[in-house]
Amino acid sequence: MKFSKKLITWYLQNKRTMPWRETKDPYRIWLSEIILQQTRVAQGLPYYLSFAEAFPTVFELASATEEQVLKLWQGLGYYSRARNLHATAKYIVNELEGVFPDTYKGLLELKGVGDYTASAIASICYDEPTPVVDGNVYRVLSRYFGINTPINTTAGIKEFKGLAIELMDHEQPATYNQAIMEFGALQCKPKNPYCIVCPINDSCVGLDKGAIGELPVKLKKIKVKKRYFNYLVYDNGNQTVLQQRLGKGIWEGLYEFPLIEDEKCTVDTIPTTQTFKEMVNGGEYVITPFKEEPIVHKLSHQHIYTRFFIIKTDTNLLLQGIQKNVNRQEIHNYPVPILLGNFIDSFFKV
DNA sequence: AAAACGGGGGG
DNA sequence: CCCCCAGTTTT
């Protein structure tokens with residue numbers, strides 16, 4: 001039997017039930033694919049359900065504010081996905097009369113939709129025979145064919161895509177693409193794959209060579225940077241101060257407390273900063289660290305050593321630039337990084 | 001070609 | 001602690 005047919009047979013017997021497998025509505029498929037980029041099904045599922053309920057069609061999503069979208073996305077990470085999701089929804093509604101492109105090529109034009117996502121939507125919704133190549137596919141193909149070309153190089157990306165095109169099932173594109181991904185997720189797992197009971201273990205080159213543990217090959221890991229975030233949590237009784245992160249960089253579009261990024265910030269140095277002086281404007285204050293030890297927030301590419309300084313004051317805070325006063329009750333409505341969300345939940349208990 | 005972009009889970 | 005996850009965009 002053909003490689004693709006074997007995977008499809010396995011898939012039909014082993015696939016999980018998932019809400020986006022109950023529809024071919026391009027809006028729902030697109031939504032699920034964006035949410036699942038670099039994200040496990042278990043983590044993305046509750047977000048998919050929330051979005052599908054809050055925004056049943058692309059029209060409701062397009063009508064939302066970016067802040068609403070970011071708030072619903074809070075905690076999922078890679079927030080550019082949420083901004084692109086919203087921008088694309090508005091584009092589909094305003095320029096395309098609410099109708100999604102129905103080809104791989106057309107889908108590729110959408111913000112936040114790259115090669116993988118365009119292939120996924122085109123195949124699942126329109127049965128276009130264009131193969132998906134995600135982390136699962138790299139693993140399955142590298143093992144089955146014993147390919148040790150690093151998957152995160154131009155040569156590797158090209159080689160695996162070419163192979164995927166050859167293997168593509170032209171009779172059942174939608175089923176085949178989901179089959180190979182599900183096979184990678186459940187059977188040909190990163191660690192401890194079930195090779196003993198694998199339906200294609202009789203022709204797996206990687207298994208034959210005892211190389212399953214070394215495949216796929218991936219080049220070098222990134223080095224982690226350290227950063228030091230000191231948040232000024234103003235508290236004049238019923239209000240605090242928030243500001244939005246603008247421009248490029250981490251957490252773009254999300255809100256946070258006024259920030260001093262500096263390794264040596266302390267209770268004693270804060271009153272010497274320009275931003276603090278302008279804010280309290282000569283008034284009385286007491287600064288207390290929330291915790292003595294910094295909270296280390298670990299991201300894949302940086303470790304953020306974070307301290308929250310509580311600034312009790314009765315003075316009228318002088319807001320600067322993008323800063324805004326926020327009531328204790330309102331603070332939970334703002335989209336914030338999970339790091340701040342955790343702090344807010346403990347400090348501003350409802 | 002390399003770096004940036006989150007957060008959580010598994011071993 | 002390290003790796004990986006239904007990747008894309010920017011530098």
Side-chain angles (χ1 to χ4, degrees), chain A residues 11 15-16 18-21 29-48 70 73-85 87-88 107-121 123-124 131-140 150-158 160-161 164 174 176-186 188-193 213-225 227 245 247-254 296-304 335-342:
Chain A
Y11 176 68
K15 66 173 176 177
R16 294 167 287 183
M18 297 198 266
W20 49 85
R21 289 198 172 140
I29 299 301
W30 165 68
L31 177 61
S32 72
E33 293 300 344
I34 301 297
I35 286 175
L36 292 173
Q37 286 168 5
Q38 290 291 283
T39 304
R40 292 169 194 279
V41 168
Q43 189 187 3
L45 181 55
Y47 287 85
Y48 173 83
L70 284 172
W73 198 272
Q74 180 175 311
L76 197 53
Y78 285 156
Y79 296 92
S80 65
R81 288 184 294 169
R83 298 193 308 272
N84 286 150
L85 186 82
T88 293
L107 289 159
L108 209 44
E109 301 298 314
L110 304 176
K111 277 188 185 175
V113 174
D115 180 77
Y116 162 78
T117 306
S119 298
I121 301 173
S123 61
I124 294 172
V132 292
V133 184
D134 72 336
N136 293 305
V137 176
Y138 279 120
R139 188 167 54 255
V140 172
I151 62 173
N152 55 343
T153 60
T154 305
I157 292 168
K158 207 169 158 187
F160 282 95
K161 176 82 175 184
Y176 169 70
N177 269 345
Q178 296 184 80
I180 190 169
M181 289 192 285
E182 191 79 331
F183 182 78
L186 301 182
C188 196
K189 301 180 295 171
K191 304 288 181 189
N192 308 318
E214 332 297 311
L215 297 171
V217 175
K218 208 169 179 177
L219 249 41
K220 71 164 182 262
K221 50 244 170 197
I222 55 171
K223 61 175 279 195
V224 177
K225 285 180 189 162
R227 298 179 73 176
R245 287 185 72 93
K248 296 300 164 198
I250 194 172
W251 301 329
E252 181 184 348
L254 301 192
V296 187
H297 187 63
K298 294 181 177 181
L299 304 176
S300 31
H301 51 291
Q302 50 187 303
H303 289 180
I304 302 177
V336 298
I338 206 67
L339 166 66
L340 272 73
N342 291 337

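So that the names make sense, note that chain A is the first sequence line, chain B the second, and so on, each numbered from 1.
Across all strands shown, A/Asn177 has no heavy atoms under 4.0 Å from either base or sugar-phosphate atoms.
Remark: the A/Arg21 side chain and the C/dA6 base include a donor-acceptor N/O pair separated by less than 3.5 Å. Side-chain atoms of A/Tyr78 and base atoms of B/dG6 include a donor and an acceptor less than 3.5 Å apart. For A/Arg81 against B/dC5, a side-chain-to-base donor-acceptor contact under 3.5 Å is absent. Between the base of B/dG6 and the side chain of A/Ser300 there is a donor-acceptor pair shorter than 3.5 Å.
A/Ile35 places its CD1 atom 19 Å from the P atom of C/dC5, with the value rounded to the nearest Å. The distance from atom CG of A/Asn342 to atom P of B/dG6 is 16 Å, rounded to the nearest whole Å. Straight-line distance from the NZ atom of A/Lys225 to the C1' atom of B/dA4: 8 Å, rounded to whole Å. Rounding to whole angstrom units, NZ of residue A/Lys298 and C1' of B/dG10 are separated by 16 Å. Rounded to whole angstrom, the span from the CG atom of A/Asn152 across to the P atom of C/dC3 amounts to 12 Å.
Here B/dG11 is the nucleotide among C/dT8, B/dG11, B/dG6 with the atom lying nearest to any side-chain atom of A/Asn192. Checking C/dG7, C/dC1, B/dG11 against the side-chain heavy atoms of A/Lys191 singles out B/dG11 as nearest. For A/Leu299, counting side-chain heavy atoms from C-beta on, the closest listed nucleotide (B/dG7, C/dC4, C/dA6) is B/dG7. Of the listed nucleotides (B/dG6, C/dC5, C/dG7), C/dC5 has the atom at the smallest distance from the side chain of A/Arg139. Taking the side chain of A/Gln43 as heavy atoms from C-beta on, and the options B/dA4, B/dG7, C/dA6, the nearest nucleotide is B/dG7. The A/Gln38 side chain lies nearest to C/dC5 when the options are C/dC5, C/dC1, C/dA6.
The aromatic rings of A/Trp20 and A/Tyr48 stand perpendicular to each other, their planes meeting at an angle above 60°, with 30° marking the opposite boundary.
The heavy-atom pair separating A/Ile250 from A/Leu299 by the smallest distance is CD1-CD1, 3.0 Å. Closest approach of A/Ile151 to A/Ile157, counting heavy atoms only: O-CG1, 3.6 Å.
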Check: For DNA chain B, what string of dots and brackets results from 5' to 3' when Watson-Crick and G-U pairs need both distances under 3.5 Å, crossing pairs get [ ], and pairs with another strand get |?
Finding: |||||.|||||
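Going from the P atom of C/dT11 to that of B/dG6 covers 14 Å, rounded to whole Å. Atom name P, nucleotides B/dG11 and C/dA6: the rounded distance is 14 Å, in whole Å. The C1' atoms of C/dT8 and B/dG9 are separated by 23 Å, rounded to the nearest whole Å.
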Next item on the list: Using the side-chain contact (heavy atoms from CB on, under 4.5 Å) rule, take A/Leu45 and A/Met18 through it: C-alpha gap first, then chi angles, then the decisive distance, then the call.
Entry: CA-CA 8 Å; A/Leu45 181 55; A/Met18 297 198 266; 5.8 Å; no
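Under 4.0 angstrom from either OP1 or OP2 of B/dA4 there lies no side-chain N or O belonging to A/Trp251. The phosphate of B/dG7 (OP1 or OP2) has a side-chain N or O of A/His297 nearer than 4.0 angstrom.
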Do any N or O atoms of the protein come closer than 3.5 Å to N or O atoms of nucleotides 9-11 of chain C, and which pairs are they?
unit_1: C/dT9; atom_1: OP1; unit_2: A/Gly112; atom_2: N; d: 2.4

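Comparing A/Arg40 and A/Val133 along DNA chain C, the residue whose closest nucleotide (by nearest heavy atom) sits nearer the 5' end is A/Arg40.
Rounded to the nearest 0.5 Å, atoms CZ (A/Arg21) and NZ (A/Lys15) are 7.0 Å apart. In this structure, CD in A/Gln38 is found 5.5 Å from OH in A/Tyr78, a value given to the nearest 0.5 Å. The line from CG of A/Leu110 to CG of A/Leu85 is 11.0 Å long, rounded to the nearest 0.5 Å. With rounding to the nearest 0.5 Å, the separation of CH2 in A/Trp30 from CD1 in A/Ile121 is 8.5 Å. Interatomic distance, A/Tyr11 OH to A/Gln178 CD, rounded to the nearest 0.5 Å: 4.0 Å.
For the pair A/Arg81 and A/Glu33, the salt-bridge criterion is not met [side-chain N within less than 4.0 Å of a carboxylate O].
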